[in-house]
Amino acid sequence: MTVSALMRRRSVRSTLREAWRLRRVWWFTATARTKARFARTFLGSFWLGLSNLFSIAVLALVYGTVFKVQDFNTYVVYLGIGLVAWNSIAAAVGSAPSLFEHNHAHVHNTSLNPIFYTLEEWAFQVQTFVQSFLMVLLALSYFQHDLFLNLILFGWFPLLNLFLFIYWFPMMLCLFGARYRDLYQLVPIILQLVFLLSPILYQKKNLGAMGWTANINPLYRILSPVRHTLMAGDVQWLVCFGLVAINLVGIWLSVKLLNKERPNLPFLI
């Protein structure tokens with residue numbers, strides 16, 4: 001390995017070590033954001049789960065009728081888990097392009113490593129997902145009783161991939177978004193199209209000849225193992241290990257790109 005390669009590797013390592021040292025800070029600020037979001041509300045963060053439950057109830061009734069589903073209980077669980085996982089991915093990806101723009105005052109006036117802002121946003125998204133997901137899973141347990149058991153025994157692996165993905169992929173987008181403002185407009189459009197093309201409201205078999213689109217859909221490839229594991233009670237080990245490898249490479253590349261763009265960020269935002 002060349003000297004320059006060693007230096008680049010050390011740079012990524014040092015950035016990750018610095019992020020780890022600041023873990024209590026960015027987790028605390030993310031928690032403060034969550035609390036501030038529901039300040040002076042009676043139900044507080046329970047609104048996160050309730051909003052998803054309202055959406056699941058309405059969509060299950062409408063699309064269950066449209067698609068003439070034979071097993072409504074299974075369909076509700078299928079749609080519910082898929083929707084809450086999608087909402088988490090979409091929220092992380094949708095907010096990514098403007099992340100540094102929203103923190104421009106701190107980027108300009110402090111020497112804090114920009115990885116702090118990406119981790120704060122990630123922690124906020126994880127906390128939001130967990131609070132909503134557990135409440136939705138509790139409600140869906142009425143239709144499938146072993147959901148929490150499957151979560152405890154098997155769900156940690158696909159959820160790990162979900163959490164890793166919603167860190168590095170949005171970070172890539174926010175770095176490109178700082179340089180190319182077109183992403184501000186493009187990402188919401190792409191998210192809407194990807195949602196319609198993803199087997200979330202319907203099963204993959206309903207795509208027919210277009211089923212290949214789900215196979216090349218990176219957002220669905222992250223979502224699908226979570227839903228499969230919780231519903232079937234088994235882990236797609238080969239798929240999950242492959243996703244872990246991709247996520248680790250994605251984290252390394254995104255941190256490397258962050259280090260490269262760090263001197264330019266104040267001038268881009």
Side-chain angles (χ1 to χ4, degrees), residues 8 11-12 14-16 18-19 22 25-27 29-30 32-34 36-37 48 51 83 85-129 132 161-198 200 213 216-223 246-269:
R8 287 196 298 270
S11 178
V12 171
S14 64
T15 301
L16 292 176
E18 183 176 1
L22 294 171
V25 183
W26 48 258
W27 188 264
T29 54
R33 282 179 58 189
T34 302
R37 181 179 180 182
L48 294 170
S51 62
L83 191 64
W86 169 263
N87 287 342
S88 176
I89 296 172
V93 172
S95 64
S98 59
L99 176 62
F100 288 126
E101 184 69 27
H102 288 161
N103 291 281
H104 71 278
H106 301 294
V107 175
H108 287 152
N109 299 311
T110 69
S111 59
L112 194 63
N113 193 313
I115 199 171
F116 175 87
Y117 308 112
T118 66
L119 285 166
E120 180 191 48
E121 181 65 24
W122 173 77
F124 176 74
Q125 297 296 344
V126 168
Q127 291 173 15
T128 300
F129 170 77
S132 174
N161 279 316
L162 172 65
F163 293 154
L164 292 176
F165 180 81
I166 64 172
Y167 176 67
W168 73 264
F169 189 72
M171 181 157 72
M172 284 282 194
L173 289 179
C174 74
L175 290 169
F176 286 114
R179 187 173 288 276
Y180 306 106
R181 300 299 179 88
D182 301 84
L183 281 179
Y184 292 17
Q185 311 299 326
L186 187 60
V187 166
I189 298 173
I190 293 178
L191 279 176
Q192 185 176 19
L193 293 175
V194 171
F195 175 74
L196 295 174
L197 288 172
S198 300
I200 298 172
T213 59
I216 63 171
N217 181 340
L219 304 188
Y220 178 72
R221 299 299 291 180
I222 293 293
L223 178 154
I246 293 172
N247 283 327
L248 292 178
V249 172
I251 290 173
W252 188 86
L253 290 175
S254 59
V255 174
K256 182 179 178 181
L257 181 62
L258 178 67
N259 289 337
K260 180 181 178 182
E261 290 290 340
R262 182 177 179 180
N264 302 321
L265 282 178
F267 305 100
L268 294 174
I269 58 176

Qualifying residue for side-chain contact (heavy atoms from CB on, under 4.5 Å) with [X], from [options]:
X: Leu175; options: Leu258, Leu99, Thr118; value: Leu258
X: Leu257; options: Trp252, Phe176, Trp168; value: Phe176
X: Tyr117; options: Asn103, Leu265, Thr29; value: Asn103

**OP:** Apply ring pair (Phe, Tyr, Trp, His ring centres under 6.0 Å) to Tyr220 and list each qualifying residue two or more places apart in sequence or on a separate chain.
**Re:**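 Listed in chain order: nothing, the list is empty.
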
Original post:
Is the closest side-chain heavy-atom distance between Leu112 and Leu22 below 4.5 Å?
Top reply: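 Yes, close enough: below the 4.5 Å cut-off.
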
Original post:
So do Trp122 and Val126 actually touch side chain to side chain, heavy atoms under 4.5 Å?
Top reply: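 Yes - at least one pair of side-chain heavy atoms lies under 4.5 Å apart.
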
How long is the span from the [atom1] atom in [X] to the [atom2] atom in [Y], to the nearest 0.5 Å?
X: Leu219; Y: Leu197; atom1: CG; atom2: CG; result: 11.0 Å
X: Leu193; Y: Ser198; atom1: CG; atom2: OG; result: 10.0 Å
X: Glu18; Y: Leu119; atom1: CD; atom2: CG; result: 10.5 Å
X: Arg33; Y: Gln127; atom1: CZ; atom2: CD; result: 9.5 Å
X: Phe195; Y: Leu191; atom1: CZ; atom2: CG; result: 11.0 Å
X: Ser11; Y: Lys260; atom1: OG; atom2: NZ; result: 12.5 Å

